[in-house]
Amino acid sequence: MVLVPFVLAWDILLNIGNAVLPKRKKGKVVRPGHAGVGGKWPEFIAPTEGDSRCSCPALNAMSNHGILPRDGKNITFKQLNALIQETYNFSPSFCFMVPHIGASMLKKSYWKDSFNLADLDLHNGIEHDASLTRLDTHLNRNQAPPHLPFVKELLESATGRDEDGNPLLTEADVSRMLVKRRKEAEVANPHYTTSKFHEVFGASNASTLLTIFGGRVADLEAILIDEKLPEGWESRILEHFGLTVIAFNKVVSRVGKGTEGEKKE
Ligand code: HEM
């Protein structure tokens, strides 16, 4: 696959760019002309009957604010790339790579095809058992809505504090909760499956809570429960070219290593 060396080479250049260029200013992470400038997000409207949603709180929130189509349908992979970049300040390399993975999971063309959000819940595609915020597909039949007891427990597990004493999720908290969910899902779900690939995906999704959302429990409550971007919210990533694959993978790898430690206990 030519994609991997291409994305890596591009990502290395973006990392160098991030190291030498000034960071974006707080309050100005979203660039002019895009939804969310100055923390003013388009109106939040909860989904209604017939709208398509998935197990990804970040993508559902984008549809709930009308950044992605409100009905969650007929989204092109190219459109997804551009919009996640501007909304969450992931790097262009990351935003090119993840929709490619999504398209390939769904056996669709990144360049020509579109999808509905619910398509992303193809079980054991990107969606997997033992999520932090959702019941397993087998236990829920439709994994999409957040399982509030899981979200509450995740947020209550936060042991970090910011300078004002507000709770923050830490890498260790997330690793611990990933292992807890896996152990519980193994007991509760007779059809439980896992794989190294899905464990890495689980750690990747969880690492967005620490990076893009800065682990801030107050913000995560809105994002994980109502799938809403709080008024005034912006990505915690200030780097000029956004959160690169390489920088993100460092966090994912520490979260993954943390789960190894938890398993031994
Ligand atoms: C191309 C873009 C994306 C695709 C295709 C995608 C897809 C998914 C899918 C299928 C899941 C369900 C995984 C599971 O079973 O737990 C998921 C979960 C999640 N995603 Fe996304 N996602 C994308 C972008 C993002 C972005 C940009 C963020 C953060 C800003 C994000 C944050 C999350 C979080 C926090 C979860 C919940 C994990 C859990 O419950 O364990 N995703 N995503």
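These values consider heavy atoms only, across backbone and side chains, with no hydrogens, waters or symmetry-generated copies. All ligand and atom numbering here is 1-based and tracks the order in the structure. Counting from 1, the numbers follow the sequence of the chain as shown.
Using a non-hydrogen distance threshold of 4.0 Å, Pro57 registers as a contact of ligand 1. Contact analysis leaves Gly102 out of contact with ligand 1, as no non-hydrogen atom separation drops below 4.0 angstrom. The closest approach between a heavy atom of Phe213 and any atom of ligand 1 is below 4.0 Å. At least one heavy atom of Pro99 sits closer than 4.0 Å to an atom of ligand 1.
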Before giving the answer on side-chain contact (heavy atoms from CB on, under 4.5 Å), spell out for Val251 and Glu171 the whole-Å C-alpha distance, their side-chain angles and the decisive distance to 0.1 Å. CA-CA 8 Å; Val251 181; Glu171 289 176 7; 3.9 Å; yes
Can Arg182 and Glu186 be said to form a salt bridge (Lys or Arg N to Asp or Glu O under 4.0 Å), step by step? CA-CA 6 Å; Arg182 286 175 201 160; Glu186 209 171 342; over 6 Å; no
Pair His198-Asp129, side-chain contact (heavy atoms from CB on, under 4.5 Å): steps then yes or no: CA-CA 8 Å; His198 286 116; Asp129 286 335; over 6 Å; no
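Counting heavy atoms only, Ser131 comes closest to atom 16 (O) of ligand 1 of the residues Ser207, Ser131, Ala206. Across Val174, Asn81, Thr208, heavy-atom proximity to atom 29 (C) of ligand 1 is greatest for Thr208. When Asn124, Ile101, Ile126, Thr87 are ranked by how near their heavy atoms come to atom 5 (C) of ligand 1, first place goes to Ile126. Of the listed options Thr137, Asn89, Ile237, Asn205, Asn205 places a heavy atom closest to atom 19 (C) of ligand 1. Among Val151, Leu132, Ile212, the residue whose heavy atom lies closest to atom 39 (C) of ligand 1 is Leu132. Of the candidates Asp136, Leu83, Asp119, Leu80, Leu80 brings a heavy atom nearest to atom 1 (C) of ligand 1.
Not a single side-chain hydrogen bond (donor to acceptor under 3.5 Å, both in side chains) links Arg216 to another residue, sequence neighbours left out. Under the side-chain hydrogen bond (donor to acceptor under 3.5 Å, both in side chains) criterion, Asp113 pairs with no residue at all, not counting sequence neighbours.
Judged by a 6.0 Å distance limit and a 45° cone about the ring axis, Arg181 is positioned over the six-membered ring of Phe150.
Of the charged side-chain nitrogens involved, at least one lies within less than 4.0 Å of a carboxylate oxygen, so that Lys40 and Glu231 count as a salt-bridged pair.
Checked against a 3.5 angstrom limit, the closest N/O atoms of Arg134 and ligand 1 fall outside it.
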